[in-house]
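It should be emphasised that the depicted structure is a prediction, and the values quoted were computed from it without experimental measurement. Naming: A, B, ... by sequence-line order, numbering from 1 per chain. Just the heavy atoms: all of them, side chains too, but no hydrogens, waters or symmetry mates, feed the values below.
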Amino acid sequence: MRPSDILTPPVGGRVIFRINPVAKLAATAVLGIALVLSIDWVSASVALGFEALLFPFAGLNFRQFARRTLPIAIAAMFAAATILLYGRASGVSHWRFLLVNVTDGSIELSIATLLRVLAIGLPAIVLFVTVDPTDLADGLAQVLRLPSRFVLGALGGMRLVGLFAEDWKSLELARRARGIADRGRLRRFAGQAFALLVLSIRRGSKLATAMEARGFGSPILRSWARQSRFGWREWLLVAIAASIAAVAVGVSVVTGHWNFLAGA
Amino acid sequence: MNATTTSLRPGPRRITTRWRVVDIVVASVLGVASALVFFAWNQIYAPVTAPLEAVLPGSQALLYGVWLFAGVLGGLVIRKPGAALFTELVAAIVSALLGAQWGGFAVIEAGLVQGLGVELIFLVFLYHRWSLTVAMLAGATAGLAMAANDIVGYYLASGPAFQAIYTVSGIISGAVIAGLGSWFIVRGLARTGVLSRFSSGQLTPR
Amino acid sequence: MSPASLSRVAPLSVDARGWGWRHAGRSDWALRGLDLRIEAGERVLLLGASGAGKSTLVHALAGVLGGGEEGESDGRLAVGEGDASRARGRVGLVLQDPDSQVVLARVGDDVAFGCENMGIPRHEIWARVEQALRAVGLDLPLRHPTSGLSGGQKQRLALAGVLAMRPGLLLLDEPTANLDPGGVIEVRDAVARVLEVSSSTLIVVEHRVDVWWSLVDRVVVLAPGGGVLADGAPDDVLRREGAALAASGVWVPGHPPKHPDRRGRPGETLLRNEQLSIGRGSSVQTGIEFPVRAGECIAITGPNGVGKTTLALTIGGLLPAIGGRVRADGLAAGLGADPLRWKSRELVTRIGSVFQDPEHQFVSGTVAGELAVGARAIGLDERETSRRIGPLLERLRLSHLATANPFTLSGGEKRRLSVATALVTRPPLLVLDEPTFGQDSRTWAELVAFLAELMDAGSSLIAATHDTELVAALADTELRMSTNGYALESRVH
């Protein structure tokens with residue numbers, strides 16, 4: 001997946017594409033906050049279970065889903081492995097070597113960590129894939145009432161990323177043409193990254209002038225050509241997320257596994 | 001045409017704390033560029049830091065400063081209240097959109113916390129001092145914030161030794177990679193003349 | 001909503017009295033003591049040498065110069081009744097770089113942007129958007145992505161975005177400088193169409209006079225440092241100042257830049273292209289066959305997108321050929337015949353490539369450093385390096401810039417620097433991509449003379465270009481590419 005792909009999300013007719021990005025933001029926030037408060041496998045797995053039921057409705061086919069979620073799956077396993085080896089010790093110790101101490105406690109916590117990372121991260125990734133940046137900006141400014149100067153200025157800057165890929169290719173070829181592409185890969189990478197930064201800042205300054213030339217940034221109250229709606233579908237999504245969070249936390253508390261901030 | 005004596009003193013620059021459009025756009029360009037660096041780093045950080053983790057668990061944070069430089073860079077270039085926080089947040093949001101493996105919310109929350117760390121230092125100096133020391137201090141504070149955030153979010157179940165090493169490594173990494181690194185980058189940028197609309201672009205006046 | 005509503009906009013006048021501007025941090029004034037009056041509804045072409053402050057004036061009229069944080073002003077500049085700094089929204093400005101003016105990702109949204117900023121109600125915004133797009137002749141659906149548009153389309157999109165705001169003063173700052181000939185005509189026709197229905201005042205800044213000749217009724221020439229050099233009807237100004245303008249770099253019809261007329265005597269074959277298929281990913285052209293001989297200049301021409309740059313990069317050993325081969329036996333000197341296989345430090349002494357955007361090739365912090373990069377890559381010692389760099393700096397008039405950062409150079413200086421860096425390693429073959437793109441006539445003449453000198457000394461040149469004057473001045477052979485294939489034409493008589 002190329003970075004520039006992100007600014008042209010897959011277009012589709014399914015409902016999920018039309019839901020206000022602010023609602024998706026709120027849904028992931030609700031789930032995230034609820035699940036981050038405790039490390040236990042019950043709340044995480046309950047949440048994950050319900051989420052798995054809903055993933056088919058997210059507008060991604062299986063291949064896309066697998067591709068986008070692979071990084072978090074790997075990261076979750078790394079985090080779990082860390083906890084397994086170095087986590088807080090309790091119960092019977094199964095293996096000890098230098099600072100490594102695999103115990104009953106650390107095994108349980110590592111499973112919980114794995115599930116927790118997935119339960120928080122998967123829905124976020126899945127929901128954000130179908131977000132159009134312009135719609136997100138509209139939502140942030142109209143629904144959340146964030147200052148439009150900042151939201152749109154940021155959007156303008158972000159759009160310039162589409163040009164990065166072409167520039168990067170050109171910069172690479174140029175290094176070969178200059179005779180320096182044989183050695184020092186890291187140094188060349190840093191040089192290219194710096195050059196890209198220079199070009200982008202210059203383009204950004206020019207874009208800022210162009211935006212000002214179209215009246216942007218003046219004290220006049222701005223109107224909106226596209227209306228950002230927050231209707232029943234949006235509330236439904238947030239409600240679904242809140243319910244999953246509530247059920248997950250509830251089950252965990254009832255079964256006694258709830259570990260507020262890991263028993264601190 | 002009026003005959004004029006060319007003044008040898010350079011023209012004045014009256015700085016306001018209000019953000020101009022160019023401040024906002026360039027801050028987000030910096031944020032996006034940083035997000036791309038984060039994206040690239042996300043792909044390779046695990047195998048690169050694994051040896052560190054194997055030798056001394058917690059020391060992998062010595063390389064985690066890469067995720068902190070956006071705020072320091074933004075603050076040093078734009079030099080206005082909120083610049084550091086804004087840039088780090090934009091970097092986090094774009095990073096989340098690119099599919100950062102920890103999921104959108106966690107990435108953005110981390111960006112917020114880390115950005116606040118940097119912003120705090122610049123605020124303490126009243127947005128008036130932008131020296132190397134201030135930059136490194138800001139990076140170090142971001143490192144501290146990152147360590148605290150990561151421990152609460154991922155490593156709450158690990159032992160105190162791990163947490164201590166992680167925190168110290170994070171602070172060092174922030175100071176060096178994010179603080180010193182950003183300062184050098186800004187200096188290089190100023191030399192190319194691309195920061196001419198900012199006070200950070202002032203070298204020797206022409 | 002009819003086009004007639006565009007003509008109901010009240011045009012604005014421009015009044016400068018002793019006006020000047022100095023950018024923050026600079027000691028020289030960009031413009032000083034300007035006295036100029038432009039009446040409402042006039043169509044003006046603004047000319048002047050580089051550095052005369054044309055761009056500064058136009059930015060000031062649009063109210064985007066920046067106020068106290070970016071510089072200081074002197075005197076008075078009024079647009080209509082009010083001061084120029086409060087002109088935002090009543091003045092429309094179209095800038096030079098097509099890519100840096102696109103604000104949003106969809107065509108309709110981008111055009112609507114200006115209207116949104118002025119607080120216009122939603123239903124009227126979309127009516128104006130449709131109207132503006134029709135006025136510039138951009139027949140695209142509103143949801144069409146802006147990223148895939150050509151340069152000419154992007155400039156017309158910017159023009160539409162500005163028109164939707166119904167400005168009383170329309171400013172165009174070198175709108176066609178970064179476009180290929182097709183794009184230049186597109187934009188010019190769009191502006192002509194707009195002028196037929198709109199009564200706005202127009203100020204155009206360009207250094208190509210022939211494009212805007214018939215559209216303006218007044219020409220103003222600015223002198224470097226401030227003040228007006230000439231002012232009047234186009235024919236008058238041209239008669240009086242034509243030669244001086246041409247000397248300062250403006251492309252004046254009737255005063256073409258001087259260049260040496262040369263025709264080479266091609267020597268041995270350096271490189272052969274055999275049944276070459278080029279493309280990036282998928283094939284764009286197939287079956288290309290032609291030799292490149294010593295002392296010869298081959299121009300690759302054709303419309304945008306046909307593959308000129310791709311061919312240049314393939315021959316230069318930078319892109320792999322999709323099919324067929326590039327056989328550089330005459331250049332190999334001990335290596336294999338395929339330039340793609342050569343290491344980059346072997347490539348620089350055989351084929352030098354100069355890119356369309358010089359900034360892509362800058363790798364050092366100083367001009368002298370740039371030139372030294374190639375020398376160091378092939379292992380030359382300090383003495384030999386300075387022996388080669390010195391004369392190149394002299395010949396290309398870059399000596400006084402030896403310690404300057406390459407990014408701070410002017411357009412012409414950057415172009416000369418990028419050619420110089422390719423020559424340090426003395427490659428027998430030089431491949432250039434659009435070497436005269438966007439240059440004023442003075443830089444153009446210098447570059448052409450320099451390239452002619454190189455060829456007389458035995459170098460070969462391949463230039464991918466759509467500059468017909470360059471082809472006429474230098475090319476021995478022209479490779480004309482089109483979507484159906486290509487044609488080789490010899491220009492030696």
Side-chain angles (χ1 to χ4, degrees), chain A residues 1 3 6 28-29 31-32 36 39 68 71-72 74-75 78-79 82-83 85-89 99 106 109 113 117 120-125 127-129 131 133 149-150 153-154 156-158 160-161 164 193-194 196-198 200-205 207-209 211-212 216-217 261-262 264, chain B residues 19-33 35-37 39-40 42-43 46 50 53 56-58 60 77 82 86 89-90 93-94 96-109 152-162 185 188-189 192-197:
Chain A
M1 179 188 70
I6 203 57
T28 56
L31 267 174
V36 87
I39 310 181
R68 300 271 180 149
I72 195 177
I74 295 176
F78 266 100
T82 306
I83 301 291
L85 297 176
Y86 308 110
R88 193 173 312 170
L99 285 165
S106 74
L109 286 170
T113 304
V117 172
I120 299 179
L122 282 178
I125 292 178
L127 285 178
F128 271 80
V129 163
V131 164
R149 247 174 17 120
F150 282 89
M158 290 193 203
L160 293 175
V161 84
F164 282 14
F194 182 78
L196 194 59
L197 191 59
V198 173
S200 327
I201 292 179
R202 185 168 309 122
R203 259 200 217 105
S205 305
L207 179 65
T209 304
M211 289 172 86
E212 284 181 308
F216 187 64
L261 287 179
Chain B
W19 284 54
R20 304 165 295 169
V21 174
V22 67
D23 294 318
I24 301 174
V25 175
V26 171
S28 43
V29 165
L30 291 174
V32 173
L36 290 179
V37 172
F39 180 77
N42 285 348
Q43 313 307 316
E53 183 171 2
L56 184 63
Q60 65 265 39
V77 168
F86 182 80
L89 257 183
V90 167
I93 292 174
V94 175
L97 288 174
L98 289 173
Q101 41 264 55
W102 307 279
F105 172 67
V107 171
I108 295 173
E109 182 263 335
V152 168
Y154 297 98
Y155 303 117
L156 214 45
S158 56
F162 179 89
I185 294 177
L189 287 175
T192 63
V194 85
L195 298 180
S196 56
R197 291 185 71 178

First locate atom CZ of B:Arg197, then atom CZ of A:Arg202, and finally report the distance between them rounded to the nearest 0.5 Å.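 Answer for the CZ-CZ pair, B:Arg197 versus A:Arg202, is 13.0 Å.
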Which region of B:Ile185, side chain (C-beta onward) or backbone (N, CA, C, O), has a non-hydrogen atom less than 4.5 Å from a non-hydrogen atom of chain A, or is it both or neither?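 Answer is both: backbone and side chain atoms of B:Ile185 are under 4.5 Å from chain A.
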4.5 Å side-chain heavy-atom contact, [X] and [Y]:
X: B:Ile24; Y: A:Met211; answer: no
X: B:Leu30; Y: A:Leu197; answer: yes
X: A:Thr209; Y: B:Val22; answer: no

Is A:Leu207 close to chain B through its backbone or its side chain, or both, or neither, when contacts mean heavy atoms under 4.5 Å? side chain
Region of A:Ala154 that comes under 4.5 Å of a non-hydrogen atom in chain B: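 The answer is both parts of A:Ala154.
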Heavy-atom pair with the smallest gap, counting every atom of B:Ser28 and A:Gly157: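 Reported closest heavy-atom pair: OG-CA, 3.6 Å.
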For A:Ser205 versus B:Val194, what's the shortest heavy-atom pair and its separation? OG-O, 4.5 Å
For a side-chain contact (heavy atoms from CB on, under 4.5 Å) check, start with the C-alpha distance between B:Leu189 and A:Ile201, then their side-chain angles and the critical distance, and finish with the verdict. CA-CA 9 Å; B:Leu189 287 175; A:Ile201 292 179; 3.7 Å; yes
